[in-house]
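Side chains are part of it too, since the values below use all heavy atoms of this structure and drop only hydrogens, waters and symmetry mates. Just so it is clear: chains get the letters A, B, ... in the order the sequence lines come, proteins before strands, and each one is counted from 1.
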Amino acid sequence: MDDRRFNESGIEINPLYGPEDIAASKVGDGDDIGEPGAFPFTRGIHREMYRKRPWTMRQYTGFGNAEDTNQRFKYLIRTGNTGLNVAFDLPTQCGFDSDDDMAQGEVGRVGMAIDTLKDMEIAFDGIDIQNITVSMTINGTAAIMIAMYLVMAEKRGFDLSKLRGTCQNDILKEFVGRGTWIYPVEPSVRLVADTIEYCARHAPLYSPVSVCGYHIRESGATPTEEIAHGFCIARAYLDEGLKRGMDIDEFAYRMSFNFNIFGQFFEQICKFRAARRLWAKILKNEYAAKDPKSMWLRMIAGGGGSGLTIEQPENNIVRGAYYAMISALSGAQTIALCCYDEAYTIPSEKAQQISLRTMQIMIEEMGMTDTVDPLAGSYYVETLTNQMEAEIVRIMAEVDAEGGIVKLISEGKIQAHVSKGAYEHQKALESGAFRKVGVNCYKVEEEKPEVDMHPYKPEDAVKQTERLKAVRSGRDNAAVDAALARLKTAAEGSENMMPALVEAVKAYASVGEMNQVLTSVFGQYDEPNIF
Amino acid sequence: MSKTRKIRILLAKPGLDGHDVGAKVVARALIDAGFDVRYTGLRQSGEDIVNAARDFDADVIALSILSGSHMPICERLKGLIDAYQLTDRLWVVGGNIPAADHAALREIGVDAIYNTSSSLAEIVAAIKEKTSEQAGQDNG
């Protein structure tokens, strides 16, 4: 009988590992395990890791309008969240004002609606954004949203030179999965580079980009492809930064990452350890970075939505606990843990609290923060870490050989590849080759899941459009027009567009107005046919 | 209708929802099952969808919606389907569709609803069955 087993990345898993396996799988010629806080950072980017400070607990939230979301933010902070992770509605993510025809039925539905600086001010009212750091999950309109966030922070008296926070702003992965692209690939990447350059000069502790292998994995990639494609994308942004004449150590240390945690326990942990080591090597060897901080793989390891099931949703609470353990054993800086009702709806307060308590139980009761990288030295973990690294390197080389990630994404080749992966996975799920509890084994008949659906309030959309109207009639429209004209000139030329966006934001120009200017210059992305 | 003409399915992503993993997986399954599938890509307006359905002469109009906006989208599309005289086409919707909305969607004219846990086998078999019923009705 064939009892060979493979992980999701296609690496064969042995029944037993010994010291000879670590030696045989060695990737580099130096000490690859090393010490935490020192190159190659396999064991963590900090010497003391969670002993000094546990990971940031940053649950993802946002719905309705800025007032609703502000209330939920405050609830999350009261229950122990140490960071915020903002969900925006689709019109905001795709660059439409709340009164646009394309926004009909979508305002405030999957996240918070933001039209102007006014909404941003309300959303963070009363929140100490210096100590509760804010991560914004936004991409297509990220440059606009960063401008709004920085203007809001400055108006409230925060010192931008000390302000921390993160924006997702990884547009290349949006073309692969998640889909909130707006402009063609080239100007989209230019906007990302503008934010990197602008933040390096004006908000040096702010992380303008969080490169997401996460959504590529959700779209059907294997764990090693997730890291490989993410790193190829991150390199594309670094290369843009270098083209602007910046030194690598001026901006690489603000690059952050967002990776997924669903999947097999040890494969995921080894994926993160391998990724951290490989990123350090890439920065040191390929980019000649001198500052160790530039070599740090700072990451949010979280979510895991694709691991959740509609069937027997309470099982997702257990999955979440394992996912949180994966992140903690992987040395993540931040965890945003999925909620058990998320396969159905925007999480309820109760579901959010269970996810948060899962992490708090690990910290307070399980001793999970007491020692750094507790799995180091395990024959299995170190061997698999080596093998995962080698596999990631192999995939990256393959992408480079085929013309590089930007070209492959522009042509739809990465999209086609991961979409085929998702199809194969679905077929394996249906044949039972890939086991999923409650889905193709241990099913219960006549399920009646007890999940409360998040209520959508259409009156929020009405309030939102009324506020937008009030802002438009109360602002200095000549100043708006002048700022938008300046934005157009910047977009048509080659200068950094961020100063013009900041000026437009200050004049209370809307997301839709700024986006229209940029679309008039850049046009729209046209999806390649992948079938 | 020529006997060799494959059943044509227009698979569309209406609205602003960018979650297209499921739509692409279903598209591949339908292509493998012998259907002629045209996938619109993301961000289609109601007008885009009915125009594409008419141009393609689609037998089936399939929508994938995971954002929760299925009610307003389908209510709006209903008027366009009527106006474009596409009411004889099979209309199916898949995605994150709560059971509580199924009756209202059927009321509007949606013929079949699939959720994120529906199997490809189930979707393919149902569309085969429903399109052959439809063909039978056309001939009869």
remark   = Of the listed B:Gly41, B:Ser117, B:Pro98, the one with the largest count of heavy-atom pairs under 4.5 Å with chain A is B:Ser117
query = What part of A:Gln93 is in contact with chain B, defined as an atom under 4.5 angstrom from a non-hydrogen atom: side chain, backbone, both or neither?
reply = neither
query = Would the number of heavy atoms belonging to other residues, nucleotides or ligands and lying under 6.0 Å from CZ of A:Phe531 be above 12?
reply = yes
note = Taken to the nearest 0.5 Å, the spacing of B:His19 NE2 from A:His215 NE2 works out to 7.0 Å
query = Measuring heavy-atom distances to chain B, does A:Ile530 have an atom under 4.5 Å in its side chain, in its backbone, in both, or in neither?
reply = both
key: Interchain contact, A:Phe96 with chain B, by part (heavy-atom threshold 4.5 Å)   = side chain
message = Given heavy-atom pairs under 4.5 angstrom as the criterion, report whether the side chain, backbone, both or neither of B:Ile31 touches chain A.
response = side chain
Region of B:Ser119 in contact with chain A, defined by heavy-atom distances below 4.5 Å = both
key: Top contributor to chain B interface from A:Gln415, A:Glu430, A:Glu527 [non-hydrogen pairs under 4.5 Å]   = A:Glu430
request  = Dump the intermediate steps for side chain to side chain contact (heavy atoms under 4.5 Å, CB included) on B:Leu16 and A:Met102, then the final yes or no.
outcome  = CA-CA 8 Å; B:Leu16 305 179; A:Met102 279 301 279; 3.7 Å; yes
query = Is the backbone of B:Ser67 close enough, under 3.5 Å, to the side chain of A:Arg109 for a donor and an acceptor to pair up by distance?
reply = no
inquiry  = Counting heavy-atom pairs closer than 4.5 Å to chain A, which one of B:Ala29, B:Ala27, B:Ala99 comes out on top?
reply    = B:Ala29
inquiry  = Please rank B:Leu66, B:Val26, B:Val37, B:Asp32 by heavy-atom pairs under 4.5 Å with chain A and give me the top one.
reply    = B:Asp32
request  = Any chance you could measure B:Asn96, atom CG, to A:Ile310, atom CD1, to the nearest 0.5 Å?
outcome  = 6.0 Å
key: More than 12 heavy atoms of other groups within 6.0 Å of B:Gln85 CD   = no
request  = Using a cut-off of under 4.5 Å on heavy-atom pairs, state which of A:Lys420, A:Glu218, A:Gln104 scores highest against chain B.
outcome  = A:Lys420
query = Which bit of B:Val25 is near chain A, if near means a heavy-atom gap under 4.5 Å: side chain, backbone, both or neither?
reply = both
remark   = One option among B:Gly15, B:Pro72, B:Gly18, B:Ser69 has the most heavy-atom pairs under 4.5 Å with chain A, and it is B:Ser69
query = What part of B:Ala100 is in contact with chain A, defined as an atom under 4.5 angstrom from a non-hydrogen atom: side chain, backbone, both or neither?
reply = neither
key: 4.5 Å side-chain heavy-atom contact, B:Arg38 and A:Asn529   = no
task = Look up atom NZ in B:Lys24 and atom OH in A:Tyr423, then write down how far apart they are to the nearest 0.5 Å.
result = 15.5 Å
ask   = So which pairs with a foot in residues 39-49 of chain B pass salt bridge (Lys or Arg N to Asp or Glu O under 4.0 Å), sequence neighbours left out?
value = none
message = Heavy-atom cut-off 4.5 Å, strictly under: side chain, backbone, both or neither for A:Pro458 against chain B?
response = neither
ask   = Which pairs, with at least one residue in residues 79-129 of chain B and sequence neighbours excluded, count as a ring pair (Phe, Tyr, Trp, His ring centres under 6.0 Å)?
value = none
request  = For the pair B:Arg76 and A:Asp101, find out whether any cationic side-chain nitrogen is under 4.0 Å from an anionic carboxylate oxygen.
outcome  = yes
ask   = Is atom NZ of A:Lys436 surrounded by more than 12 heavy atoms (other residues, nucleotides or ligands) closer than 6.0 Å?
value = yes
